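Structure record follows, encoded as structure tokens.
Just so it is clear, the model here is predicted, and its values are computed rather than measured. All residue numbers in this chain count up from 1 along the given sequence.
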Amino acid sequence: MTSTAPETQRGQDAGDPLGEQPTSWQRRLRRFGHVPRPETSLRDRLDPPWTRPGRQVWSVLAIPPHVADRLVRWSGWGGPLLVTLVAGLLRFWRLDQPNAVIFDETYYAKDAWALVNQGYEGSWPKDVDKLILKDPSSVPIPTDPGYVVHPPVGKWIIGFGEQLFGFTPFGWRFMVAVLGTISVLLLCRIGRRLFRSTFLGCLAGLLLAVDGLHFVMSRTALLDLIVMFFVLAAFGCLVVDRDRSRRRLADALPVDEEGVLRPDARIAETLRLGWRPWRLGAGVMLGLAFATKWNGLYVLAAFGLMTVLWDVGTRRTAGAARPYMAVLRRDLTPAFLSTVPVAIVTYIVSWTGWIVTDKGYYRNWAATEGKGSSWSWLPDWLRSLWHYENQVYDFHVGLTSGHTYESNPWSWLVLGRPVSYFYEEQAGCKESSTGKCAAEVLAIGTPLLWWLACFALAYVVWRWLFRRDWRAGAIACGVAAGWVPWFFYQERTIFLFYAVVFVPFLCLAVTMLLGAIVGPAAGTGARANLGLTSKDPTGERRRTLGAIAAGVLVLLIIWNFIYFWPLYTGTQIPEDLWRDRMWLDTWV
């Protein structure tokens, strides 16, 4: 069967990774570490194989081959579920402590309670938190509307936990802890699919389970962890969509007389990839993220661009001579319709409680102050909502009042200024030289994990630019979507805990770095999946030393999490030990 792929593409699949005549940019990039594409089949490039543990592991453990095969099949879900169980036990342990309204829980816990009971947020009196902790049943829900500056989805979720367990610290933290735990499972499965390795997927989930910022945010009724959950879920949907669309295209390509899959320009440029429900699911998840906090809108834009570029890469790999034009004709409109309009509709639907009542803040604006507008042909609720959103935008942009714990986004990765959610001193502590004990909940990432992530991000960017690794680009996109937008609002009051949105992608970056330290497993498929050549010049000694180094780094991160455990959970410790954990002056 004759292929209509470009000559360079046919050269790649015939065995020459760069074709007969490498381009000038490829020659220039080699000095920075660019290597030719490995000798892999077109099928493996479109649908990479999964890494399987070597037989040596099972031999050392004296496990028979048939049992080993069964364990490998079960590990795809068993491993992630085990890591998730550990994460859940950590997050739900004494979830009701400290028995206090900590940091911004004073807003979201009360707004959530009003929202689930009357459909809109109320205007709570000052100093009501102590009464709520003492006897929540004695505190009436205010009927006067309250001015809130965040969409309702996150508060609906918090309120669901309050409906189940009452208007208590455990109640308003419950659903956030649930989402924090499930996000570990999501990352395990996403990492497994991304790296084609159950071990690396579970490693990414484990790193997220022992990250201090993710842990603290999972035990606090704030909105940012909820945004993170929906962003991660959307990313997972897009990764699954990418795999399925590439597999569908691979199945449509011709096979030659030797049974080898061959590129075909006509098929690659004209084939419609059909119904893509996972992309539609990503649109819903991004809409829910945006309907929790507005920074989800930036993620929608970044992920939308990323998935279109993935389609370009898919069609180019399949042999398209003009992949951008092919995507413009076949994929761009469906991609837009399944994400942006879906996200917008999801956002509007999230305001249903406010829409169906007539007592929400600004709910009747269109019928009063906005009466007689040139847009009066639109429904009153829609014009009132639009006015509300304008007011909220002005509030966010103009929020420049100073705060003790505000920080510049430049300092986030090095944990320059964490946020203290709760602090309490107790005198008469005999174990301390100062005679005081301290209990604190400090929103700070596990330091060794975050500092290692700085190097991991540099590695990821390098691998994306010079190894053309799409996984590195996806990880970098996730970090950039959650981090870069805050640089445009440096005059605004912003905090380190906003960074929890991209913490899962930091864990993926560290996992990718650790995987590179360990080195490729035996087998052509695994090496090809890592972007390496089919020969392994480093040998088993190199891989053993790499595994030891990576294992030591992981153990140090776990130890670091345990060391800071008192600061994550509000456990009372002697002030001397508390000060020992203040590694930087800016942490106090």
Would a distance-only check, ignoring hydrogens and angles, find a side-chain to backbone donor-acceptor pair under 3.5 Å from Thr220 to Met217?
no
So, the side chain of Arg315 versus the backbone of Leu271: is there a donor-acceptor pair under 3.5 Å, distance only?
yes
Please say whether more than 12 non-hydrogen atoms of neighbouring residues, nucleotides or ligands are located less than 6.0 Å from OH in Tyr563.
yes
Can you establish whether the number of heavy atoms outside Trp310 located under 6.0 Å from its atom CH2 is more than 12?
yes
Side-chain heavy atoms of Val216 within contact of Val500, under 4.5 Å:
no
Out of curiosity, Ser338 OG to Trp278 CH2, how far, rounded to the nearest 0.5 Å?
14.0 Å
Would you mind telling me which of Tyr568, Trp565, Phe215 makes a ring pair (Phe, Tyr, Trp, His ring centres under 6.0 Å) with Trp93?
Trp565
Roughly how far, to the nearest 0.5 Å, is CZ of Arg196 from CZ of Arg471?
9.5 Å
Residues at least two apart in sequence or cross-chain that pass side chain to side chain contact (heavy atoms under 4.5 Å, CB included) with Ile548, listed by chain then number, are Thr544, Val552
In the structure I gave you, are the side-chain heavy atoms of Pro341 and Phe336 within less than 4.5 Å of one another anywhere?
yes
Any donor-acceptor N/O pair, Arg246 side chain to Arg45 backbone, under 3.5 Å:
yes
Any side-chain heavy atom of Val340 within less than 4.5 Å of one from Ile344?
yes
Residues two or more places apart in sequence or in another chain: which of them pass side chain to side chain contact (heavy atoms under 4.5 Å, CB included) with Tyr459?
Trp462, Arg463, Met512, Leu513, Ala516
For the residue pair Val503 and Trp450, establish whether any side-chain heavy-atom pair is separated by less than 4.5 Å.
yes
Is there side-chain contact between Pro447 and Phe564, with heavy atoms separated by less than 4.5 Å?
yes
Ala209 backbone acceptor or donor facing Arg91 side chain under 3.5 Å:
yes
Trp559 atom CH2, over 12 foreign heavy atoms within 6.0 Å
yes
Heavy-atom pair with the smallest gap, counting every atom of Val460 and Ala472:
CG1-O, 3.1 Å
Rounded to the nearest 0.5 Å, how far apart are CG of Leu90 and CG of Leu85?
9.5 Å
So with a 6.0 Å cut-off around CH2 of Trp410, is the heavy-atom count from everything else above 12?
no
Min side-chain heavy-atom separation Met285-Leu288 under 4.5 Å:
yes
Can you pull out every side chain to side chain donor-acceptor pair (under 3.5 Å) where at least one residue sits in residues 177-191? Sequence neighbours excluded, please.
Ser183-His214
As an exercise, state the distance from OG1 of Thr446 to CD1 of Ile562, rounded to the nearest 0.5 Å.
10.5 Å
Distance check, rounded to the nearest 0.5 Å: Arg247 atom CZ versus Arg43 atom CZ?
9.5 Å
Please determine if Arg192 forms a cation-pi arrangement with Trp77, meaning its NZ or CZ atom is less than 6.0 Å from the six-membered ring centre and no more than 45° off the ring axis.
no
How far apart are the closest heavy atoms of Pro80 and Cys188, and which atoms are they?
CB-CB, 3.5 Å
Heavy atoms of Leu457 and Ala509 approach each other most closely as CD2-CB, 4.1 Å
For Pro254, does its backbone N or O pair with a side-chain atom of Asp264 as donor and acceptor, under 3.5 Å?
no
Pair Asp311 + Arg276: basic N to acidic O under 4.0 Å
yes
Scan side-chain atoms only and decide if Tyr298 and Trp483 contain a donor-acceptor pair under the 3.5 Å cut-off.
no
Arg330 atom CZ, neighbour heavy-atom count above 12 within 6.0 Å
yes
Look at the side chain of Arg242 and the backbone N and O of Cys237, then say whether any donor-acceptor pair between them is shorter than 3.5 Å.
no
Minimum heavy-atom separation for Phe174 to Leu95, with atom names?
CA-CD2, 4.0 Å
Trp464 CH2: over 12 foreign heavy atoms closer than 6.0 Å:
no
Counting only heavy atoms not in Phe92 (residues, nucleotides, ligands), do more than 12 fall under 6.0 Å from its CZ?
yes
Please round to the nearest 0.5 Å and tell me the distance separating atom CG of Asp251 and atom CD1 of Ile267.
11.5 Å
